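Accompanying notes for the structure given below.
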Number of protein chains: 2
Amino acid sequence: MTTPGLKKTPDISIAVCGYSKTLEIISNKWTVLVIYALEDGAIRYGEMGRRIDGISKKMLTQTLRQLERDGLVQRHLTPAIPPIVSYSLTPLGETLLKPLRELNDWTKVHYTQVETARQEYDQTYSASTENH
Amino acid sequence: MTTPGLKKTPDISIAVCGYSKTLEIISNKWTVLVIYALEDGAIRYGEMGRRIDGISKKMLTQTLRQLERDGLVQRHLTPAIPPIVSYSLTPLGETLLKPLRELNDWTKVHYTQVETARQEYDQTYSASTENH
DNA sequence: CAGAATCCCCCCTGATACTG
DNA sequence: CAGTATCAGGGGGGATTCTG
């Protein structure tokens, strides 16, 4: 959608838009679930795996690493055999809880409307496609 | 990460967690940018394409269709040749602006800390990998 | 226990070309 | 102008295996 020749500067870019910057952090499949699992305090690796339905070790580790890299989660290692590793939100990570809860609240109130809208939409447009 | 035999019910699942439900709506690459483009009122299809940096017609249409299906965006067609089509947020869509702004505010305040954390993290772990 | 490493597949996305 | 159709590439994510 570039306009060669005439150049109207687009004013909404992923790089600039704050919405996108944060989504770049939390829009992975498991990230918010991991943050959610940490909201009540430190928790061990294995316990997180059990709490989050359907997550694999690979994705749990990968998600935690990313959150660590972003400074939102801290890793605590107690050297022992076998080792004891727990994770917790950093102070920065905790500041993210508030906007996430707003999103959660929005969902509680409005999500049924979204589901209803989807059903209506699908019914409306299945009619035109139903016989192939 | 299933525990066959012993079954502790996991308490955090994508299906149940409100965080994930909403992200299911907004976590696409372009969705929030499209919503952002609509926050000041109705706007035509072509104008949106010009405003949102880097989006293709295909992704713009696809994103708008999804938002329409979710009941967050309305399409207005003025029959003419060539046709005039504009889009706007529905009342439901407008309710989403508030939590999104919270996210935007979080970004304004804290994103530099995330960037700093990333640089530190990368420096720390590049040291151990730098000579292959 | 807490990972790392590997293989593989699906789907999101981009580029291009065509249409009413 | 406002789309649709088709093809091709890359990366996120899953399943499995191995390790200190």
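So you know, we letter chains A, B, ... as the sequences are listed, proteins then strands, and number each from 1. Computed from a prediction, not measured in an experiment: that's the story for all the values here.
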>> Could you tell me if Trp106(B) and Thr95(A) have a donor-acceptor pair between their side chains, going purely by distance under 3.5 Å?
In response: yes
>> Rounding to an integer number of Å, can you tell me how far Glu24(A) CD sits from dG12(D) P?
In response: 12 Å
> Which whole-number value in Å describes the distance from Leu64(A) CG to dA4(C) P?
Replying inline: 10 Å
>> So, taking the atom named CG in Asp53(B) and the one named CZ in Arg51(B), what distance separates them when rounded to the nearest 0.5 Å?
In response: 13.0 Å
> With side chains defined as the heavy atoms from C-beta onward, is the minimum distance between Arg44(A) and Val85(A) less than 4.5 Å?
Replying inline: no
> Do Thr31(A) side-chain atoms and Ser27(A) backbone N/O form a donor-acceptor pair below 3.5 Å?
Replying inline: no
>> Can you tell me if Arg65(B) touches the phosphate of dG3(D), counting only side-chain N or O atoms and a distance under 4.0 Å to OP1 or OP2?
In response: yes
> Quick one: do Arg118(A) and Glu115(A) make a salt bridge, cutoff under 4.0 Å?
Replying inline: no
> In whole angstroms, how far is the P atom of dC12(C) from the NZ atom of Lys29(B)?
Replying inline: 13 Å
>> Quick check on DNA chain C: between Tyr87(A) and Met59(B), whose nearest nucleotide comes earlier from the 5' end?
In response: Tyr87(A)
> Roughly, in whole Å, what's the span from CD in Gln66(A) to P in dG11(D)?
Replying inline: 14 Å
> Side-chain N or O of Arg75(A) less than 4.0 angstrom from OP1 or OP2 on dG3(C)?
Replying inline: yes
> How many Å lie between CD on Gln62(B) and C1' on dC11(C), as a whole number?
Replying inline: 10 Å
Within the sub-3.5 Å range, which N or O atoms of nucleotides 16-20 of chain C have a protein N or O partner, and how far apart are they?
none

>> Between P on dG11(D) and CG on Asn28(A), what's the gap in Å once rounded to a whole number?
In response: 15 Å
> Which whole-number value in Å describes the distance from Arg44(A) CZ to dC1(C) C1'?
Replying inline: 7 Å
> Side-chain heavy atoms under 4.5 angstrom apart, residues restricted to Ile, Leu, Val, Met, Phe, Trp, Tyr: same cluster for Leu64(A) and Leu77(A)?
Replying inline: yes
> Please give, in whole Å, the distance from dG14(D) C1' to Leu60(A) CG?
Replying inline: 14 Å
>> For a quick test of reading the model, state the closest non-hydrogen atom pair linking Ser13(B) to Leu33(A) and the distance between them.
In response: O-CD2, 4.4 Å
